[in-house]
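What follows is a set of notes on a single structure, which appears directly below.
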Amino acid sequence: VAGDAGVKTIADLKGKRVAVGPAAGGTMSFFTRLLELHGMTLADVTPTFGSYNDGFSQLGDGNVDAAFALAGFPTAAVKQTQATNKMKALILDEDKIKEAIAKYPYYARVVVPASVYGLTEPMVVLGVNNMLIVKADAYGHGAAQVAGALEEAGADLLACADIEEGAALRAAGVRAEILVFGALSV
């Protein structure tokens, strides 16, 4: 949110202008569920729709009071706006995070290291896990090597095209969950 918006909680967004990402994007449903957890609906805010870059540019220009992004970190749009504008994060309390995960088990408690956005302490947010797809030989880099590096970086869900690729990853020592998109090769 804008540093001077007077917004400290999700409930404080009532009557505010909020950039919520693309109209049919994942952030929209995420934001709607956040509102529900606080006894609100989309009718309680004035939403704007567009890319994350557009939303955070609107925040920097003062055209919205808050902007949301359901994206990996660091998010370029956030960093760009943060470079020239005073911003602060809306932090959900642990009880709301637990309530959200209990109601929507595909959400997760995510700790954003302080260094990502130049904060004084880590930030706990509500997020989703991402699935990382390992393509065949990873464009010549080696699927097992790339999957191993992703796993070392914290990935716990990978995907591949077929059972043979999944078996090769497992044989190479990859411990993350592996989703196989295809069937047996013929």
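Predicted model only: the values in this text are computed from it and were never measured.
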So do the side chains of [X] and [Y] get within less than 4.5 Å of each other, counting heavy atoms only?
X: Val45; Y: Lys16; result: no
X: Leu92; Y: Leu34; result: yes
X: Val134; Y: Leu150; result: yes
X: Met28; Y: Leu42; result: yes
X: Glu94; Y: Val124; result: yes
X: Lys8; Y: Lys88; result: yes
X: Tyr52; Y: Leu70; result: yes
X: Leu126; Y: Tyr104; result: no

Parallel, tilted or perpendicular for Tyr107 and Phe30, by the 30°/60° rule? perpendicular
Backbone N or O of [Y] within a donor-acceptor pair of the [X] side chain at under 3.5 Å?
X: Arg109; Y: Lys98; answer: no
X: Gln58; Y: Val64; answer: no
X: Thr27; Y: Gly21; answer: no
X: Asn85; Y: Met87; answer: no
X: Lys79; Y: Phe73; answer: no
X: Thr75; Y: Gly72; answer: yes

Nearest non-hydrogen partners of [X] and [Y], listed with the distance:
X: Leu158; Y: Ala147; value: CD1-CB, 3.8 Å
X: Thr81; Y: Ser57; value: OG1-N, 4.0 Å
X: Ala108; Y: Ile101; value: C-CD1, 3.8 Å
X: Cys160; Y: Ile178; value: SG-CG2, 3.8 Å
X: Ala69; Y: Phe56; value: CB-CE1, 3.8 Å

With a cut-off of 6.0 Å (strictly less than), are more than 12 heavy atoms of other residues, nucleotides or ligands near CD of Glu99? yes
Heavy-atom neighbours of Tyr139 OH exceed 12 at 6.0 Å: no
Could you list the residues that satisfy side chain to side chain contact (heavy atoms under 4.5 Å, CB included) with Ala138, not counting sequence neighbours? His141, Val146
What do the steps show when you test Val18 against Asp65 for side-chain contact (heavy atoms from CB on, under 4.5 Å), and what is the final call? CA-CA 6 Å; Val18 182; Asp65 302 296; 5.9 Å; no
So which of Leu13, Val125, Asp12 actually passes side chain to side chain contact (heavy atoms under 4.5 Å, CB included) with Leu90? Leu13
Residue list, side-chain hydrogen bond (donor to acceptor under 3.5 Å, both in side chains) with Arg175, at least two apart or on another chain: none
Is Glu36 paired with Arg33 through a side-chain N to carboxylate O contact shorter than 4.0 Å? no
List the steps, then state whether side-chain contact (heavy atoms from CB on, under 4.5 Å) holds for Thr32 with Leu35. CA-CA 5 Å; Thr32 301; Leu35 291 174; 5.5 Å; no
